[in-house]
2 protein chains.
Amino acid sequence: MDKILNIAIAEDHQVMIDGLTALLEEFDDLKVTIKAKNGVKLLEQLETHQPDVILMDINMPEMNGIDASLKVKEKYPKTAIIILSMFDDIKLIKECLKAGVDGYLLKETGIDELKEAITNVANGETHFSKPVAQKILQRKNKEKPRKSNFKPADLPLTLTPREIEVLQLICEEYTSNEIAAELYVSVNTVETHRRHLMEKTKSKNIAGLFRYALQHNLLLQS
Amino acid sequence: MDKILNIAIAEDHQVMIDGLTALLEEFDDLKVTIKAKNGVKLLEQLETHQPDVILMDINMPEMNGIDASLKVKEKYPKTAIIILSMFDDIKLIKECLKAGVDGYLLKETGIDELKEAITNVANGETHFSKPVAQKILQRKNKEKPRKSNFKPADLPLTLTPREIEVLQLICEEYTSNEIAAELYVSVNTVETHRRHLMEKTKSKNIAGLFRYALQHNLLLQS
DNA sequence: TAAAAAATCACGGTTTTCCGTGAGTTGAAA
DNA sequence: TTTCAACTCACGGAAAACCGTGATTTTTTA
């Protein structure tokens, strides 16, 4: 039971990678074997060898933590995933749960809980930060039906490349007119993309779109 | 010249504090003497003893890194400050420069550059990440005059408590009407606050407001 | 190659945001 | 005590966003 656990870190901030590594390697039974700056690179490295636990940031370029988790769980269902997120937004947590992650910690978490969570998920259990667990429990209550919204199943939340492009420009303070000019399409087209974006991200206005972009690491200049 | 440098870390994410500490203490000539979760706590601890270098995150609750830097430089002008930010937004960088910081690193930075930066600023020099330095140099070119905007000096960027309240609700997808109901004031009042917010933050729409809130860590649920 | 998904465009209508301008009240600091 | 910043309210107009509905073309994929 005291075998060494191999850890993968997927995280875009180099200081954070370095810091986490230094931190975890103070434990004799933990070893950081994989460091990746985004989901794509993580998957590449997983082909060589699989760790016991993956510490996954959500905000990563190229491929974010949620999409990466989905793919990892597809190929290596036995590998445990702990999400390390700055946000305890219920929408986001739900997406992660759906992706099959085994734990969800906030970055406010200290090393002690982190270590505990790693041990737990390595043993096949789950581990969620208190605030996160609370949100999960509360969620049923807060399901607020938005206008006439009786969609049977969940929407496919995947945005198309074009939609992402539009979303990014929206977050850069572009108006629909300006976006149309930038992308060489009609304003009507842009507005259609906007409509789809609002639906897919379940937003009510630009603030909601920005929030989504932020949490899924779609912002341009970041 | 080889004396031990005392470092302060001001950063709201506990894992990051722990990680940075573990990382820095691998160097014999660095010692982390202060750890603070926000600007207020940092200032409290500075009264006891001053470090040589402060590693300052921008996104902190209570008091953000910019305001904290201002106060620190007021009281302890000899203490060097390095900003550790996720954003290389020119607006933000300018605010930091105005606050008198000695360095500005992105969180993508690795440990090597971090160490180098610490040494540099401790020697009275400055240190800016490449992308940051570039933005600083480019800034003259990009000064885009906004409509009829010929303000002589810089506006006071400090938002009033009420304005912050309104801003936060805007970022929560509230409409002006909803905000008015929430705060028990007239819609006209809310719209006035909005107008002031747009001016002070130099925004063109909600996206700009959200960006400002994000970068100054004014978001509610984070 | 047929079906599905993505991207394109149109149009009319409602709501919200944005903008300018002006002004009264209040509490705190000079 | 007056000056000032913060907060409050009003109104009108323009611009942008939001919403519904429907439709064509292109690209991808099964």
Side-chain angles (χ1 to χ4, degrees), chain A residues 67 145-151 153-213 218, chain B residues 67 145-151 153-213 218:
Chain A
D67 294 339
R146 202 183 289 299
K147 286 189 175 175
S148 57
N149 213 4
F150 291 104
K151 307 291 165 55
D154 289 74
L155 306 170
L157 337 115
T158 43
L159 305 183
T160 69
R162 199 56 155 177
E163 283 165 354
I164 291 178
E165 215 171 341
V166 172
L167 175 57
Q168 289 175 329
L169 293 175
I170 291 173
C171 294
E172 294 292 322
E173 294 186 67
Y174 282 58
T175 67
S176 291
N177 258 307
E178 291 168 343
I179 296 172
E182 180 78 17
L183 301 182
Y184 302 106
V185 293
S186 132
V187 190
N188 300 303
T189 303
V190 176
E191 302 242 282
T192 301
H193 287 312
R194 286 189 92 120
R195 197 154 354 95
H196 293 158
L197 281 169
M198 305 281 289
E199 288 165 10
K200 287 187 178 179
T201 65
K202 300 188 177 68
S203 298
K204 291 159 79 177
N205 58 32
I206 295 181
L209 292 180
F210 200 112
R211 184 176 226 84
Y212 182 94
L218 297 172
Chain B
D67 295 340
R146 202 182 291 296
K147 286 189 173 173
S148 56
N149 212 4
F150 291 104
K151 308 290 166 56
D154 289 77
L155 307 169
L157 329 122
T158 43
L159 305 183
T160 70
R162 199 57 157 175
E163 283 166 353
I164 291 178
E165 217 170 341
V166 171
L167 175 57
Q168 289 175 329
L169 292 176
I170 291 173
C171 293
E172 294 290 322
E173 297 185 65
Y174 282 58
T175 66
S176 291
N177 258 304
E178 292 168 341
I179 296 173
E182 180 79 16
L183 301 182
Y184 301 104
V185 294
S186 133
V187 190
N188 299 304
T189 304
V190 176
E191 303 241 283
T192 301
H193 288 312
R194 284 189 94 119
R195 198 157 350 97
H196 292 157
L197 281 168
M198 305 281 290
E199 288 166 9
K200 287 187 178 178
T201 66
K202 301 187 178 68
S203 299
K204 292 159 78 178
N205 58 32
I206 296 182
L209 292 180
F210 200 112
R211 186 181 284 290
Y212 183 94
L218 296 172

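The structure displayed is predicted, hence computed values, not measured ones. First the proteins, then the strands, lettered A, B, ... as listed; each starts at 1.
Summarising the geometry of B/A207 relative to A/I206, their closest heavy-atom pair is N-CG2, 3.7 Å, with the distance given to 0.1 Å. Considering every non-hydrogen atom in both A/S176 and A/E191, the closest pair reads OG-OE2, 3.3 Å. Smallest separation of non-hydrogen atoms from A/I179 and A/V166: CD1-O, 4.1 Å. Nearest heavy atom pair, residue A/E163 against residue A/T158, reads OE1-O, 4.5 Å. Considering all non-hydrogen atoms of both residues, A/T201 and A/L209 come closest at OG1-CD2, 3.4 Å.
For A/N188, the side-chain hydrogen bond (donor to acceptor under 3.5 Å, both in side chains) criterion is met by A/S186, not counting sequence neighbours.
For C/dT8, the OP1/OP2 oxygens have a side-chain nitrogen or oxygen of A/H193 closer than 4.0 Å. The side chain of B/T160 contributes an N or O atom lying less than 4.0 Å from OP1 or OP2 of D/dC7.
Here the NZ atom belonging to A/K200 is positioned 5.5 Å from the OG1 atom belonging to A/T160, to the nearest 0.5 angstrom. Residue A/N177 holds its CG atom at 13.0 Å from CD of A/E182, rounded to the nearest 0.5 Å.
Using a 4.5 Å cut-off on side-chain heavy atoms (C-beta onward), B/V190 and B/L169 make no contact. Looking at A/R195 and A/E199, their side chains come closer than 4.5 Å, going by heavy atoms from C-beta outward. Contact check for A/Y212 versus A/L218: side-chain heavy atoms found under the 4.5 Å cut-off.
Whole-Å rounding puts the A/N205 CG to C/dT17 P distance at 7 Å. Separating the CG atom of B/L159 from the C1' atom of D/dA5 is a distance of 14 Å, rounded to the nearest angstrom. Atom CD of A/E173 is separated from atom P of C/dT17 by 16 Å (rounded to the nearest Å). Protein atom NZ of B/K202 is 17 Å distant from nucleotide atom P of C/dC18, rounded to whole Å. In this structure, the CD1 atom of B/I170 is 15 Å from the P atom of D/dA17, given to the nearest Å. At whole-Å resolution of the value, OH in B/Y174 and C1' in D/dC18 are 20 Å apart. Rounding to whole angstrom units, CZ of residue B/R194 and C1' of D/dA17 are separated by 12 Å. Summarising the geometry, the separation between CD1 on B/I206 and P on D/dA16 is reported as 14 Å, rounded to the nearest angstrom.
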Sort me out a list of protein N/O and nucleotides 26-30 of chain D N/O pairs below 3.5 Å, or just none if empty.
none

Can you tabulate the close N/O pairs, meaning under 3.5 Å, that link protein atoms to atoms of nucleotides 21-24 of chain D?
residue: D/dT21; atom: O4; partner: A/R195; partner atom: NH1; Å: 3.0
residue: D/dT21; atom: O4; partner: A/R195; partner atom: NH2; Å: 3.4

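Contacts with DNA chain D (heavy atom under 4.0 Å) in residues 161-169 of chain B: B/P161, B/R162, listed by number. For the contact set between residues 175-191 of chain A and DNA chain C, defined by any heavy atom under 4.0 Å, the members are A/V185, A/S186, A/N188, A/T189.
Checking B/T192, B/I170, B/I164 one by one against B/L197, the side chain to side chain contact (heavy atoms under 4.5 Å, CB included) holds for a single residue, B/I170.
Panel note: side chain B/E173, backbone A/S203; no donor-acceptor pair is recorded below 3.5 Å. Listed for the A/R211 side chain is a donor-acceptor partner under 3.5 Å among the backbone atoms of B/C171. One N or O on the side chain of A/E178 and one on the backbone of A/T175 form a donor-acceptor pair closer than 3.5 Å.
Taking the screw axis at each terminus of the helix from C/dT1-D/dA30 to C/dA30-D/dT1 from five consecutive base pairs, the angle between the two is 60° to within rounding of 10 degrees.
We find that B/R162 and B/E165 are joined by a salt bridge, their nearest charged nitrogen and carboxylate oxygen being less than 4.0 Å apart.
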